[in-house]
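See structure below.
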Amino acid sequence: MDWDEFSDWGARVSQWAAAYHRTLRDRPVRAQTAPGEIAAQLPAAPPEGAEAMEAIMADFERVVMPGITHWQHPRFFAYFPANAAPPSMLAEMLVSTIAAQCMLWQTSPAATEMETVMLDWLRQAIGLPVGFAGVIQDSASSATLAAVLTMRERALNWQGNARGLSGQGRLRIYCSAEVHTSVDRAIWIAGIGQDNLVRIPVTGPLRGMDPGALQAAITDDIAAGHLPAGVVACTGGTGTGACDDLSAVIAVAKDHGLYTHVDAAWAGAAMICPEFRTLWAGVEGADSVVFNPHKWLGAQFDCSAHFLRDPADLVRTLAIQPEYLKTHGHDGLINYSEWSVPLGRRFRALKLWFLIRAYGLDGLRERLRNHVAWSRALCADLGRDPRFEIVTAPVLSLFTFRLRDGDDAAQIDLVNRINDDGRIYLTQTRVDGRMAIRFQVGQFDATRADVEMARRVIVELSGG
Ligand SMILES: *Cc1c(COP(=O)(O)O)cnc(C)c1O
C-alpha cells in the first residue's frame with residue numbers, strides 16, 4: 001500500500017468510524033454469535049498473494065463485525081465501561097501513525113514530558129496531594145503487579161531480585177475478598193504464592209475490610225515468624241463497588257511499616273467530582289494508587305494512571321540499565337520504562353491531553369454525575385417493584401439486584417434472556433455466595449432514555 005492509497009483508506013475508515021457510532025443503538029449490544037462461528041469463516045491458511053484492500057474491508061464488515069460486542073454502545077451496562085471518547089480516538093490515530101517507542105526520555109522527549117505533566121493534571125483532578133508522582137501503565141493489573149513486587153523487595157531488604165525467594169521467610173500480603181483477581185495474579189507472578197495472600201473479612205454496607213481483623217492477622221503472622229509485606233486496599237471493588245476504609249486500613253499498615261497500594265481502577269475516575277471523594281477518605285496516606293482513565297474517564301484503552309508517593313521504591317525494584325539503554329550527558333531524566341515491567345511503551349499521554357482539553361474537567365464531571373444519578377434512579381425504581389430485591393446499594397453508578405423469588409439459576413436465566421434480547425447488556429456477580437445481577441452506567445453516549453430503556457427491558461423480561 002502506498003501513501004496515496006493509505007490516505008484514501010484512512011478517510012474511508014474514519015467515515016466508517018463516525019457512521020458506526022451514529023448507528024450503534026441499532027445493534028445488539030452483546031455479540032449474538034455462537035462459539036466457533038467467526039473462526040469458521042476465516043481461511044485456515046494465509047494467502048500467498050496480495051489481496052485488495054476493498055476485499056479486506058468488505059470481509060471485515062461481513063466476518064468480524066457480527067462477532068463484536070459493542071463496548072461503545074450507549075446501552076452497555078455490563079462489567080465496567082471502556083470509553084473511547086472521540087478526541088481520545090483521534091489522539092490514538094496520531095500515536096499509531098507516529099508509532100514511537102517511548103521507553104526512555106530520549107526515545108521521544110515529548111512523550112515522557114507529556115506523561116509527567118498529564119499525570120500531574122490527573123493528580124490534581126482527583127485531589128491527590130502534591131508529591132505524588134505518576135506513570136501510565138498498560139493496565140491496572142500491571143500497576144498492581146509493580147506494587148506487589150515493590151512490597152516484596154522492601155520486605156526482603158531489596159534482596160529478592162538478586163537471590164530469589166527460596167530460603168526466605170513467608171511473605172504475607174493482605175487484602176479483602178472484594179479485590180480484583182489482578183491481585184491474586186500479582187501474588188502468583190511475584191512468587192509469593194496464593195496461600196500468602198491473606199483475605200481479611202469485610203464489614204459494613206461498603207464491604208470494606210475490618211481494620212481490627214487486619215491488625216490481628218498481621219500480629220499473628222509476625223508471631224509465627226512470617227514477613228508481612230503490604231496491604232492492597234480497594235476503592236470500588238469489581239463485584240459490588242466495595243470500598244475499604246482507607247484511613248483505618250492505612251493506619252494499621254503504617255503501624256507495621258507495610259506498603260499500601262490502593263486499587264481504584266474503576267472508581268478513581270469519579271474522584272474528579274469532589275463530592276465522591278469521601279469514598280476514599282485517607283487515600284493521601286497510601287504509598288501507591290491506581291485508576292484507569294481507560295474505564296470511566298474516556299481515554300481509549302490502554303491508559304492506567306499509577307501514582308506513587310515515592311517512585312524511588314518502584315524504580316529500585318524495576319530499573320535495570322544495560323549500556324545500550326543508558327542516556328549519557330543528561331542527569332536526572334525520567335526513563336519511564338524503569339517504572340514498569342515491560343520495556344517498550346506507547347505514547348499514551350497524548351490521548352489524555354486531547355481528552356481533558358476537549359471536554360474540560362467540568363464536561364467530564366457532568367457525564368459521571370449523570371451516570372451516578374441515572375443509576376441511583378433506576379435502583380430506586382427496581383427497589384419499589386416487589387419482584388426485585390436490591391442486593392447492594394449504588395456505589396457511584398454500580399448496584400446489584402436479583403429476582404426476589406428465584407434461585408441462582410433464575411438470576412442467570414434472566415441475565416441470559418436480557419443479553420440474548422440485545423437491547424441492553426449486563427452481567428452477574430456473587431454476593432455472600434449468592435448470585436446477583438450487576439448494573440452500572442458509564443458509557444459516554446448513554447442518555448437518561450437509554451437507562452429508562454434498561455428499566456423497561458429488565459421489567460419486561462422478568463415477566464412484567
Ligand atoms: C478493571 C479492574 C481491574 C483490572 O484492570 P486492567 O486495567 O484491565 O488490568 C483491577 N481492579 C479493579 C477494581 C477493576 O475494576
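For ligands, and for the atoms within them, numbers begin at 1 and follow the listed sequence. Residues: numbered from 1 along the sequence shown. If you're wondering where the values come from, they're calculated on a predicted model, not measured in any experiment.
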Cys234 heavy atom under 4.0 Å from ligand 1: no
Could you check whether any heavy atom of Gly236 sits closer than 4.0 Å to an atom of ligand 1, since that is the contact criterion I want to use? yes
For Phe80, does the six-membered ring have the charged nitrogen or CZ of Arg438 within the cation-pi criterion, i.e. under 6.0 angstrom from the centroid and within 45° of the normal? yes
Tell me whether Arg357 forms a cation-pi arrangement with Trp353, defined as NZ or CZ under 6.0 Å from the six-membered ring centre and within 45 degrees of its axis. yes
Check this for me, if you would: do Asp413 and Arg417 make a salt bridge, where the nitrogen-to-carboxylate-oxygen distance has to be below 4.0 angstrom? yes
Are Asp138 and Arg346 within salt-bridge range, i.e. N to O under 4.0 Å? no
Atom CZ of Arg404 with >12 non-hydrogen neighbours under 6.0 angstrom: yes
Would you say that more than 12 heavy atoms from the other residues, nucleotides or ligands in this model lie under 6.0 Å from the CZ of Arg185, or not? no
Decide whether an N or O pair under 3.5 Å exists between [X] and ligand 1.
X	result
Phe301	no
His294	yes
Ser141	yes

Determine the interplanar angle of the Trp296 and His371 rings, folded into 0 to 90°, and report it as parallel if under 30°, tilted if 30 to 60°, perpendicular if over 60°. parallel
If the cut-off is 4.0 Å to any non-hydrogen atom of [X], which atoms of ligand 1 fall inside it?
X	result
Thr238	12 (C), 13 (C), 14 (C), 15 (O)
Ser182	10 (C)
Asn292	5 (O), 6 (P), 7 (O)
Phe80	15 (O)

Taking Asn83 for its side chain and Phe444 for its backbone only, find out whether a donor-acceptor pair lies under 3.5 Å. yes
Best match, Thr235, Val183, Asp263, Val232: closest heavy atom to atom 11 (N) of ligand 1: Asp263
Starting from [atom], what is the nearest protein heavy atom, named by residue and atom, and what distance separates them?
atom	answer
atom 4 (C) of ligand 1	His180 CE1, 3.4 Å
atom 14 (C) of ligand 1	Lys295 NZ, 2.8 Å
atom 7 (O) of ligand 1	Ala140 N, 2.8 Å

Between Thr144 and ligand 1, find which residue part has any heavy-atom pair under 4.0 Å and reply side chain, backbone, both or neither. neither
How about Asp313 and Tyr259: does a side-chain donor come under 3.5 Å of a side-chain acceptor? no
